[in-house]
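Per chain, numbering begins at 1; letters A, B, ... match sequence-line order. Computation of the quantities below employed the complete heavy-atom set of this structure, encompassing side-chain atoms and omitting hydrogens, waters and symmetry-equivalent molecules. Keep in mind that what you see is a predicted model, and the values were worked out from it rather than measured.
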There are 2 protein chains.
Amino acid sequence: MRTEGPGASAGLAQPLTRARWLAADLRARLLAGEWPRGSRLPSETELAASYQVSRVTVRTALKALESQGLVDIRHGAGTFVADFGVAIRAGLQELGSITQTIRELGHEPGMEWRTVEQRPATAAEADRLHLPAGAPVLAMERKILSDGEVVAYSYDTIRLDILPPGAVEEIGRGSVFEVLERFGVRPRRAFARLHAVQSHEVGWGSRRPTNGLYLLLDQVHYSPGAVPLMYSRTYFVEGAFEFVIIRTA
Amino acid sequence: MRTEGPGASAGLAQPLTRARWLAADLRARLLAGEWPRGSRLPSETELAASYQVSRVTVRTALKALESQGLVDIRHGAGTFVADFGVAIRAGLQELGSITQTIRELGHEPGMEWRTVEQRPATAAEADRLHLPAGAPVLAMERKILSDGEVVAYSYDTIRLDILPPGAVEEIGRGSVFEVLERFGVRPRRAFARLHAVQSHEVGWGSRRPTNGLYLLLDQVHYSPGAVPLMYSRTYFVEGAFEFVIIRTA
DNA sequence: GAGTGGTCTAGACCACCCT
DNA sequence: GGGTGGTCTAGACCACTCA
């Protein structure tokens with residue numbers, strides 16, 4: 001029986017349910033190497049008993065770890081420490097800030113703003129954000145770094161009407177998600193499309209990829225009430241990030 | 001109270017649980033336009049009562065529809081018919097045959113084999129399939145069509161030792177998944193990586209994309225027992241398919 | 001056959017939205 | 001305040017794996 005709890009790992013602020021707490025705790029134990037690769041974890045019934053929660057809660061936590069590629073649940077056999085590959089990579093189905101993901105992977109995130117400006121929305125932006133054409137938005141262009149290397153270029157547009165006064169000045173100095181969170185704006189869902197892009201117009205500055213190849217994550221973030229908050233086009237430098245999806249039948 | 005049940009839609013053969021049945025039934029009603037876009041569905045309690053299942057089962061079904069982008073579940077407000085866009089697109093987190101997905105989108109799937117051959121595995125293939133170097137595999141190269149248009153080029157490698165005699169001859173005449181299914185080989189999980197690729201070596205034949213841009217889905221399919229079955233590299237022609245991911249916090 | 005995960009239930013309480 | 005979804009429980013039964 002453990003009592004300490006999971007290490008403080010923020011991400012998007014969530015209500016800390018028992019299932020999420022359990023998942024974080026097991027995740028920490030897994031990453032700490034408490035169980036060897038390929039070995040079996042305690043059964044769901046055992047985990048339920050030792051953590052004093054119901055089996056359903058244990059299953060919820062384990063399924064989250066499975067979708068992150070950390071464990072492998074096999075019917076009738078048990079739950080095993082995943083043996084898929086070497087590193088923990090960026091899962092796509094969980095929403096989170098890129099900065100946070102980079103930090104969790106053990107790297108030092110960085111950011112370089114190119115522009116932050118208020119301007120009328122373009123037609124495409126207005127469409128995605130359900131705004132009348134030309135409504136004012138906050139537009140940003142920035143580079144996202146990991147250990148000093150450029151991993152992505154991001155073009156983001158935020159609705160101005162959902163930003164409380166004062167927030168505009170804060171943005172441009174840190175993680176966009178973290179600023180939004182501080183002002184009570186919490187994206188809870190995103191609708192993302194994926195594209196392959198080749199262009200020399202996307203990146204800027206020195207050390208931009210010579211082949212101009214990017215994986216574009218084109219997404220609209222929504223508040224809990226399904227109000228579109230932000231439209232992002234993030235161009236990930238091909239090869240800099242590994243996108244992983246666990247697909248299940 | 002309904003009694004008919006969901007339209008016969010195959011996909012990968014699954015145990016037909018109540019939750020899956022319910023999801024398929026609601027999906028059919030949604031696609032039939034029974035509820036207008038943006039309108040509220042009956043509450044979970046009402047659905048549970050009318051389908052004679054528990055609320056947990058209703059929730060499981062609704063969450064599946066949410067991850068397909070069909071509905072929008074809002075805490076405290078209700079579950080709404082999604083208003084995100086026009087069409088139903090290919091979700092990435094659910095495992096299924098491409099042929100089947102194309103059919104569900106209302107198009108006519110097609111396939112053109114270029115090669116089907118038995119040969120020793122390359123180093124990369126052996127690694128992904130957990131085979132000794134040079135072990136025999138069945139390698140295929142094919143074009144995937146939708147209404148006669150090329151949507152993807154796929155390079156697939158199947159372990160020979162898991163194929164029963166007779167299966168080899170069948171492959172090359174239809175959906176690979178469907179043949180495997182008929183012989184009792186059921187992929188249940190896939191570990192997929194995404195890449196942007198630009199190359200003129202990938203496609204072949206006439207009407208291949210002139211810009212050579214592809215979204216590569218590089219994946220290993222596993223059996224329920226976590227045995228690697230098939231290694232696929234599917235190059236989707238950029239723009240021909242729309243990949244959609246619903247990301248939740 | 002013993003043990004594991006997969007599904008399902010009925011009921012409870014909480015957090016949130018709306019009016 | 002009334003209704004909706006979000007989480008959780010304790011217990012049950014089934015399907016699968018493995019020795």
Side-chain angles (χ1 to χ4, degrees), chain A residues 12-24 26 35 38-67 71-82 184-186 188-189 222-227 248-249, chain B residues 12-24 26 35 38-67 71-82 184-186 188-189 222-227 248-249:
Chain A
L12 273 194
Q14 301 300 333
L16 189 54
T17 62
R18 292 190 211 206
R20 254 191 280 270
W21 188 94
L22 217 193
L26 289 173
W35 297 283
S39 67
R40 225 198 76 202
L41 265 60
S43 76
E44 298 184 350
T45 316
E46 285 164 353
L47 287 173
S50 73
Y51 280 96
Q52 305 258 334
V53 295
S54 76
R55 220 189 104 205
V56 175
T57 304
V58 171
R59 280 184 62 65
T60 305
L62 288 178
K63 290 194 99 173
L65 296 178
E66 183 189 40
S67 88
V71 302
D72 185 14
I73 307 177
R74 300 184 211 157
H75 192 178
T79 300
F80 298 81
V81 182
V185 178
R186 293 183 181 76
R188 279 296 160 86
R189 234 196 297 280
Y222 295 86
S223 77
V227 178
T248 49
Chain B
L12 273 194
Q14 300 301 332
L16 190 55
T17 62
R18 293 190 211 206
R20 255 192 278 269
W21 188 95
L22 217 193
L26 289 174
W35 297 283
S39 67
R40 226 199 75 203
L41 265 60
S43 75
E44 298 184 349
T45 316
E46 285 165 354
L47 287 172
S50 73
Y51 280 97
Q52 306 257 339
V53 295
S54 77
R55 220 190 103 204
V56 175
T57 305
V58 171
R59 280 184 63 66
T60 305
L62 288 178
K63 289 193 100 173
L65 297 179
E66 183 189 39
S67 87
V71 301
D72 184 14
I73 307 179
R74 301 183 210 158
H75 190 176
T79 300
F80 299 81
V81 182
V185 179
R186 290 182 182 78
R188 279 295 161 86
R189 234 196 299 280
Y222 295 85
S223 76
V227 178
T248 49

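- Contact check, A:Arg59 against C:dG5: no side-chain N or O comes under 4.0 Å of OP1 or OP2.
- Of the candidates D:dG6, C:dA10, C:dG6, C:dG6 carries the atom nearest the A:Glu44 side chain, counting heavy atoms from C-beta on.
- Within the nucleic acid shown, A:Thr60 has no heavy atom closer than 4.0 Å to any nucleic acid atom.
- Nearest-nucleotide assignment on DNA chain C puts the 5′-proximal partner with A:Gly76, out of A:Gly76 and A:Val56.
- A donor-acceptor contact under 3.5 Å links the side chain of B:Arg55 to the base of D:dG6.
- Among the nucleotides D:dT7, D:dC8, D:dT4, the one closest to any side-chain atom of A:Arg20 is D:dT7.
- Taking the side chain of B:Val53 as heavy atoms from C-beta on, and the options C:dT9, D:dC8, C:dG5, the nearest nucleotide is C:dT9.
- The side chain of A:Ser54 sits closest to D:dA10 out of C:dA10, D:dA10, D:dT4.
- Residue B:Thr17 places its side chain closer to C:dT7 than to any other of C:dA10, D:dG6, C:dT7.
- Side chains of A:Ser54 and A:Thr57: a donor on one and an acceptor on the other come within 3.5 Å.
- Taking every side-chain heavy atom of A:Ala77 into account, D:dC18 is the closest of D:dA15, D:dC18, C:dC8.
- Distances shorter than 4.0 Å separate none of the side-chain N or O atoms of A:Arg74 from OP1 or OP2 on C:dG6.
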